[in-house]
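Report on the following structure.
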Amino acid sequence: MRFQVVFVFAALLFEAHSVRGQSTSIPANSLVVIDLPDHSRMANVKDTAYTRVLDGLYIPSSYPVSESFREVAYVGNMEDVKLLGVKSAKPLMLINTKKFDIEVSIDSLLAAQKKGPDYPSYVKLPLALNGKVLTHAEKQRILPGLKLSRLSSVKYLDPTETRKKYADIPFGLIDLTSSSGK
């Protein structure tokens with residue numbers, strides 16, 4: 001299915017760019033998920049016509065995305081943006097970096113406990129560790145050494161709970177407590 005979506009999108013890009021000389025923007029009423037790096041030329045992560053979300057966190061339009069990402073999802077239909085619970089006047093661009101093994105384990109744990117959210121697979125949730133939302137750089141430093149057995153608590157906080165405790169994060173977050181304090 002994903003390959004078909006990418007193929008249709010590639011055809012739309014070719015038609016818009018080659019035939020009509022129009023810009024290669026995502027059609028306004030579509031959902032397109034682009035797997036990377038194979039199709040990286042199709043993703044313009046600096047396009048500020050979208051509300052940009054990097055690994056589940058809003059990023060300002062001035063943020064120069066330089067992280068190596070694995071997937072970009074464009075949600076162009078404003079009804080779909082609302083269904084995801086995001087308050088935005090613009091369509092969404094969800095930029096996802098690779099998942100660390102610990103993130104996959106945490107997702108599996110929450111799914112098994114039926115305590116995780118019911119979002120499409122292209123929605124990546126941010127992590128908070130011991131009361132602090134992790135930035136991309138912090139994840140790069142901390143997650144490779146973090147073990148599930150060292151976590152005393154793993155909870156999904158919905159967007160309302162997240163706003164109360166942390167900040168305005170569109171899809172909520174996964175709140176982790178480490179028994180070692182790291």
Side-chain angles (χ1 to χ4, degrees), residues 1-2 5 26 28-36 43-63 65 67-140 142-143 146 148 151 153-178:
M1 176 67 179
R2 194 175 254 176
V5 170
I26 304 295
N29 62 349
S30 67
L31 164 65
V32 176
V33 179
I34 302 173
D35 287 323
L36 303 171
N44 177 9
V45 295
K46 297 178 184 349
D47 188 347
T48 59
Y50 294 87
T51 295
R52 298 181 309 154
V53 177
L54 175 64
D55 286 345
L57 298 171
Y58 288 119
I59 55 175
S61 53
S62 61
Y63 185 87
V65 176
E67 294 79 4
S68 60
F69 42 92
R70 70 166 174 84
E71 175 183 79
V72 176
Y74 296 92
V75 182
N77 182 320
M78 294 309 293
E79 289 301 314
D80 290 340
V81 171
K82 287 179 191 171
L83 284 173
L84 286 171
V86 177
K87 294 177 177 95
S88 174
K90 298 178 185 180
L92 283 179
M93 178 191 304
L94 305 172
I95 306 161
N96 297 322
T97 60
K98 78 175 186 90
K99 281 192 173 191
F100 288 91
D101 291 342
I102 187 74
E103 290 178 288
V104 174
S105 297
I106 290 167
D107 288 348
S108 297
L109 176 68
L110 288 173
Q113 296 174 350
K114 299 189 186 316
K115 293 183 178 178
D118 188 25
Y119 286 120
S121 62
Y122 56 82
V123 172
K124 187 173 178 186
L125 296 174
L127 300 175
L129 179 62
N130 297 329
K132 182 181 183 321
V133 178
L134 298 178
T135 65
H136 182 73
E138 290 166 331
K139 284 174 42 179
Q140 296 292 317
I142 295 169
L143 294 187
L146 188 63
L148 197 57
L151 298 176
S153 173
V154 176
K155 295 186 292 190
Y156 167 69
L157 300 181
D158 67 32
T160 303
E161 293 173 287
T162 302
R163 270 190 290 282
K164 289 177 188 172
K165 188 172 179 179
Y166 293 102
D168 188 15
I169 297 175
F171 308 109
L173 61 71
I174 299 173
D175 200 21
L176 308 172
T177 304
S178 173

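The structure presented is a predicted model; accordingly, all values stated were derived computationally and were not measured. Atom set for the values below is all heavy atoms of this structure, side chains included, hydrogens, waters and symmetry mates excluded.
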| query | Hey, are the side chains of Gln113 and Val154 touching, using non-hydrogen atoms and a 4.5 Å cut-off? | reply | no
| task | Take atom NZ of Lys115 as the centre, draw a 6.0 Å sphere, and report whether it contains more than 12 heavy atoms from other residues, nucleotides or ligands. | result | no
| Is any side-chain heavy atom of Leu173 closer than 4.5 Å to a side-chain heavy atom of Leu125? | no
| Could you state the interatomic distance from CG (Leu134) to CG (Leu57), rounded to the nearest 0.5 Å? | 9.5 Å
| Atom pair CD1 (Ile142) and CG (Leu176), whose distance is rounded to the nearest 0.5 Å | 10.5 Å
| said: What's the separation between atom NZ in Lys139 and atom CD1 in Ile102, rounded to the nearest 0.5 Å? | reply: 12.5 Å
| Out of curiosity, Arg163 CZ to Leu157 CG, how far, rounded to the nearest 0.5 Å? | 12.0 Å
| field | Qualifying residue for side chain to side chain contact (heavy atoms under 4.5 Å, CB included) with Leu92, from Asn77, Thr51, Val123, Asp80 | value | Thr51
| remark: Gly172 and Pro126 have their tightest heavy-atom pair at O-CD, 3.4 Å
| query | Can you find a pair of side-chain heavy atoms, one from Leu84 and one from Pro170, that are under 4.5 Å apart? | reply | no
| Under the 6.0 Å and 45° cation-pi test, does Lys124 pair with Tyr122? | no
| query | What are the two closest non-hydrogen atoms of Pro159 and Tyr119, and how far apart are they? | reply | CG-OH, 3.9 Å
| request: Give a yes or no on this: more than 12 heavy atoms of other residues, nucleotides or ligands lie within 6.0 Å of atom CG of Asp158. | output: yes
| request: Supply the atom-to-atom distance Leu94 CG to Glu71 CD, rounded to the nearest 0.5 angstrom. | output: 8.5 Å
| Which atom pair, heavy atoms only, marks the closest approach of Gly76 to Pro91? | CA-CB, 3.7 Å
| task | Please examine the side chains of Leu146 and Leu151, heavy atoms only from C-beta on, and report whether any two atoms are closer than 4.5 Å. | result | yes
| Main-chain N/O of Tyr63 paired with Arg52 side-chain donor or acceptor, under 3.5 Å | yes
| query | With side chains defined as the heavy atoms from C-beta onward, is the minimum distance between Asn44 and Tyr50 less than 4.5 Å? | reply | no
| task | Answer yes or no: are there more than 12 heavy-atom neighbours, outside Lys155 itself, under 6.0 Å from its atom NZ? | result | no
| remark: Smallest heavy-atom separation, Thr97 atom then Arg70 atom, equals O-NE, 3.4 Å
| query | Is Asp107 close to Ile174 at the side-chain level, that is, under 4.5 Å between some pair of heavy atoms? | reply | yes
| message | Are there over 12 heavy-atom neighbours, none belonging to Lys164, within less than 6.0 Å of that residue's NZ? | response | no
| task | Answer whether the closest heavy-atom distance between the side chains of Asp55 and Leu127 falls below 4.5 Å. | result | no
| message | To the closest 0.5 Å, what do you measure between CG (Leu129) and CG (Asp175)? | response | 9.0 Å
| field | NZ/NE/NH1/NH2 to OD/OE distance under 4.0 Å, Asp168 and Lys87 | value | no
